[in-house]
Amino acid sequence: MRKRRNQWLAFTAVCSMLMLTGCGNTQEQNSSADTGAVTEESTETAADNETPAKAEAIIYELPAEPEEASVYVEPIADLSEDFIRGVDLSSVIVEENSGVTYYNEAGEEQDIFQTLAQNGVNYIRVRVWNDPYDADGNGYGGGNNDTATAAQIGARAAKYGMKLCVDYHYSDFWADPNKQQCPKAWEGMAIEDKSEALYQFTSESLAEIIDAGAEVGMVQIGNEINPGMSGETDWTKRRQLMQAGSRAVRETAQAKGQEIQIAVHFTDITDKKGILGNAQKLEEKEIDYDIFAVSYYPFWHGSMENLTAVLKEISEEYGKKVLVAENSYPYTTEDGDGSANSISETDIIPAYPATVQGQTNEIRDVCAAVSEVGEAGLGVFYWEPAWIPVGAADSFESNQKIWEEYGSGWASSYAGSYDAKDAGVYYGGSSWDNQALFDFKGHPLESLKVFKYLQCGTIVERELESILESEVNVNLDAELVMPETVTLAYNDRSTEEMPVEWYEEQVLNVDTSKAGTYEVWGRLLDGTETSEEPREVSCTVNVEKFNYVLNPGFEEEKTSMWEITSASSDMTDFQNKESDAYSGVMALHFYSTSDVSFTVEQTITGLEPGTYQFGLYLQGGDAGDNTEMYIYADNGTETLTEDTSVQGWCVWQNPEITGITVGEDGTLTIGASISCAAKGWGTLDDFYLYQMVED
């Protein structure tokens, strides 16, 4: 027998979808629903038909005006009444089975679904794997998310008026940009048979979830399907699979009398060309779907301005609704279960410190970015806010036993039989516990309240939230000038510049004749400097060769400082692919089916008169015999060049020009010229311009 959880016998069905209102309006709460009472007549009906009894959903009021709170939430203007304020709760059942208890704000044990609904959540998302068990019935972990688990979660959500988004991975375990494995039962099938199997699985699974009492409003046909789906990478075959899934959803929705929207889900919006290319493919292949969904994690996926721009372009170009299917952010950098966190201190974005308020701000801003798209911007799902530690932080071995037994870690050792390269090596606990919306003991964080305050906002007592990091970059042998002020950030998102006095002895210890990193401390001149414990701050001083090239490795989203001239607009692109980048993940990629010919250059101003050196890194291949590649530096009176070439994939060349003279005008244009045969390819990365120091 497989170790599957008993199916939840749901006793609810949603009377109507939770309708969100603006400030001054509230949601009506059914008075008899507080107790979840079921009438005698409904009980008899359930017994006769052996189906769950139906009861009206419990609906909680939203704030009618700004309220006092311990976290600041800036209201979002013109937020849609039915904006999706969702969370992915896929791991909650195995968490509870593992002994985790969730509490309400008063510190009382309470159904987490009730707590979420009380805090404005109106939609639940749950992943579904075909068969996340090995031959002996041992669960792969990560929630052991089969259909029965999804049905249980959907029914519990419906009790509190929350709709369900069913996220089919069409795999037996995690499907993401790195892997899209075929379910065990479909291995070796021809595409026609696999498509039919996918259709049957979707139809039967979705019907089971609905019959359990879930109010399904959305179904994803695949999860982060950039590289493919169910082991298929060819778009013709992918189309057959996706169409089979769409057909199953449409037919099941009609049979069950539910209005269900179909979503397709991609990720990596920093690769704008790639994400728009996927939208174009869906159009060309005539895929039947309603919503274009993306994952957006700010530590991986660029700015929120780009998020809005990409979603808006997709909605306008292809007439589709858009959605953020996954988002999250840390409230702490601590680890709660002895299993390393995916996101650590080095990933924290300065604008969003790893605090409860920083987490609140990030969630609010993502919702605002989607809302800014307009009517097509449906909403946001926060990923796994309940995936908190099981066991104890300092008891890895005992925690491991719990993860293995109940599947509450991201993967169990049993998953190695299916996913040997990843889960089979790195199985363990929750890498997401520091991004939850509950603390390590199951108490709701104040950041959970952001969902109910998105429209009306909150009133807070102004308090210092953090002191923004200070950093100084000083060129070799240059004079060190320390900043006169530091920036204080407050919980109401205001900032203030505060004078600072740096400790002279530490400043003098910075040796600008040698490259290195120093930490210099000082004290704020805010009235505490005369006390026994003045408020101290630090500044990181980097002594290095200063690179005067702006956005030298194309890692920043803004690329307008680069001027690219080519025979066709599709000959070059800013590519997000770590294996093709010299450092980081971005590089300037080139390829064309016709002869390749382009230049890329940047004009730099404000340079000190003197002597400089310029270089870059490039790699590639298939350039042909008549290749002309060189870098150049033009100071307005002379142009210096250095020839280069491509010698194969990741065989990095480093052409360099030294002795470049910059005059009184302080202006220099640096660049590269690439000409080669059709189908020649490669990348350019990490441009640099250093001032040469005389001995």
J.: Output yes when R493 and D365 qualify as a salt bridge under the 4.0 Å nitrogen-oxygen rule, no when they do not.
T.: yes
J.: Run the side chain to side chain contact (heavy atoms under 4.5 Å, CB included) test against K256 and tell me which residues pass, sequence neighbours left out.
T.: A207, I210, D211, T252
J.: Donor-acceptor pair, distance only, cut-off 3.5 Å: does the side chain of N223 make one with the backbone of A175?
T.: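 Judged by distance alone, yes, a pair lies under 3.5 Å.
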J.: Has the side chain of D176 got a donor or acceptor atom that lies under 3.5 Å from a matching backbone atom of K179?
T.: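 Yes: the side chain of D176 pairs with the backbone of K179.
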J.: In chain order, what residues pass the side-chain hydrogen bond (donor to acceptor under 3.5 Å, both in side chains) check against Y418, with sequence neighbours excluded?
T.: S171
J.: Only pairs under 3.5 Å count here: list side-chain donor-acceptor contacts from residues 440-449, not counting sequence neighbours, and write none if there are none.
T.:
{"unit_1": "E446", "atom_1": "OE1", "unit_2": "S70", "atom_2": "OG", "d": "2.7"}
{"unit_1": "E446", "atom_1": "OE1", "unit_2": "K449", "atom_2": "NZ", "d": "2.9"}
{"unit_1": "S447", "atom_1": "OG", "unit_2": "Q359", "atom_2": "OE1", "d": "2.5"}
{"unit_1": "K449", "atom_1": "NZ", "unit_2": "E105", "atom_2": "OE2", "d": "2.7"}

J.: Please, which pairs that meet salt bridge (charged side-chain N to carboxylate O under 4.0 Å, His left out) have at least one residue in residues 324-343, sequence neighbours excluded?
T.: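 Salt bridge (charged side-chain N to carboxylate O under 4.0 Å, His left out) check on residues 324-343 returns R125-E326.
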J.: If you count the non-hydrogen atoms of other residues, nucleotides and ligands that lie under 6.0 Å from OH in Y427, is the total more than 12?
T.: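 Open.
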J.: Under 3.5 Å, is there a donor-acceptor pair linking the side chains of E109 and T101?
T.: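 There is no such pair between these side chains.
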J.: Rounded to the nearest 0.5 Å, how far apart are OG1 of T270 and CD of E557?
T.: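 Taking OG1 in T270 and CD in E557, the distance rounds to 8.5 Å.
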J.: Decide whether Y133 and D146 meet the rule of one side-chain donor and one side-chain acceptor closer than 3.5 Å.
T.: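 Judged by distance alone, the side chains do pair up.
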J.: In terms of the angle between their ring planes, are H301 and Y296 parallel, tilted or perpendicular, with boundaries placed at 30° and 60°?
T.: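 If you compare the ring of H301 with that of Y296, the planes turn out tilted.
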J.: The criterion is ring-ring contact (aromatic ring centres under 6.0 Å, His included); which residues satisfy it with Y170, sequence neighbours excluded?
T.: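 Y170 satisfies ring-ring contact (aromatic ring centres under 6.0 Å, His included) with Y168 once adjacent residues are dropped.
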J.: Supply the atom-to-atom distance I112 CD1 to I388 CD1, rounded to the nearest 0.5 angstrom.
T.: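 Here the rounded value is 7.5 Å.
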J.: Please determine whether a side-chain nitrogen of the Lys or Arg among R127 and E384 lies less than 4.0 Å from a carboxylate oxygen of the Asp or Glu.
T.: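 Salt bridge: yes.
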J.: Is a donor on one side and an acceptor on the other found under 3.5 Å between the side chain of Y329 and the backbone of F299?
T.: no
J.: What's the verdict on ring-ring contact (aromatic ring centres under 6.0 Å, His included) for W129 and W174, showing C-alpha distance, side-chain angles and the deciding distance?
T.: CA-CA 8 Å; W129 294 318; W174 299 104; 5.0 Å; yes
J.: So, using ring-ring contact (aromatic ring centres under 6.0 Å, His included) as the criterion, who are the partners of Y289 when residues are at least two apart?
T.: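 Residues passing ring-ring contact (aromatic ring centres under 6.0 Å, His included) with Y289: none at all.
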J.: So how far is it from L116 CG to Y60 OH, rounded to the nearest 0.5 Å?
T.: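 Those atoms lie 11.5 Å apart.
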J.: Could you tell me whether the side chain of V92 reaches within less than 4.5 Å of the side chain of F113, counting heavy atoms only?
T.: yes
J.: With a cut-off of 6.0 Å (strictly less than), are more than 12 heavy atoms of other residues, nucleotides or ligands near CD of E259?
T.: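 No.
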J.: Rounded to the nearest 0.5 Å, what's the gap from CD1 on I291 to CD1 on I314? Could you check?
T.: 13.0 Å
J.: Decide whether N104 and Q114 meet the rule of one side-chain donor and one side-chain acceptor closer than 3.5 Å.
T.: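 No, Q114 and N104 have no side-chain donor paired with an acceptor closer than 3.5 Å.
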J.: Are the side chain of D167 and the backbone N or O of Q220 linked by a donor-acceptor pair below 3.5 Å?
T.: no
J.: Evaluate whether atom NZ of K320 has more than 12 neighbouring non-hydrogen atoms of other residues, nucleotides or ligands under 6.0 angstrom away.
T.: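 Yes, the 6.0 Å shell around NZ holds more than 12 heavy atoms from other groups.
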J.: To the nearest 0.5 Å, tell me how far R364 CZ sits from E74 CD.
T.: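 So the gap between those two atoms works out to 4.0 Å.
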J.: Got a second to check how far W432's CH2 is from N341's CG, nearest 0.5 Å?
T.: 9.5 Å
J.: So, the side chain of T333 versus the backbone of E345: is there a donor-acceptor pair under 3.5 Å, distance only?
T.: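 Pair absent, no side-chain N/O of T333 close to backbone of E345.
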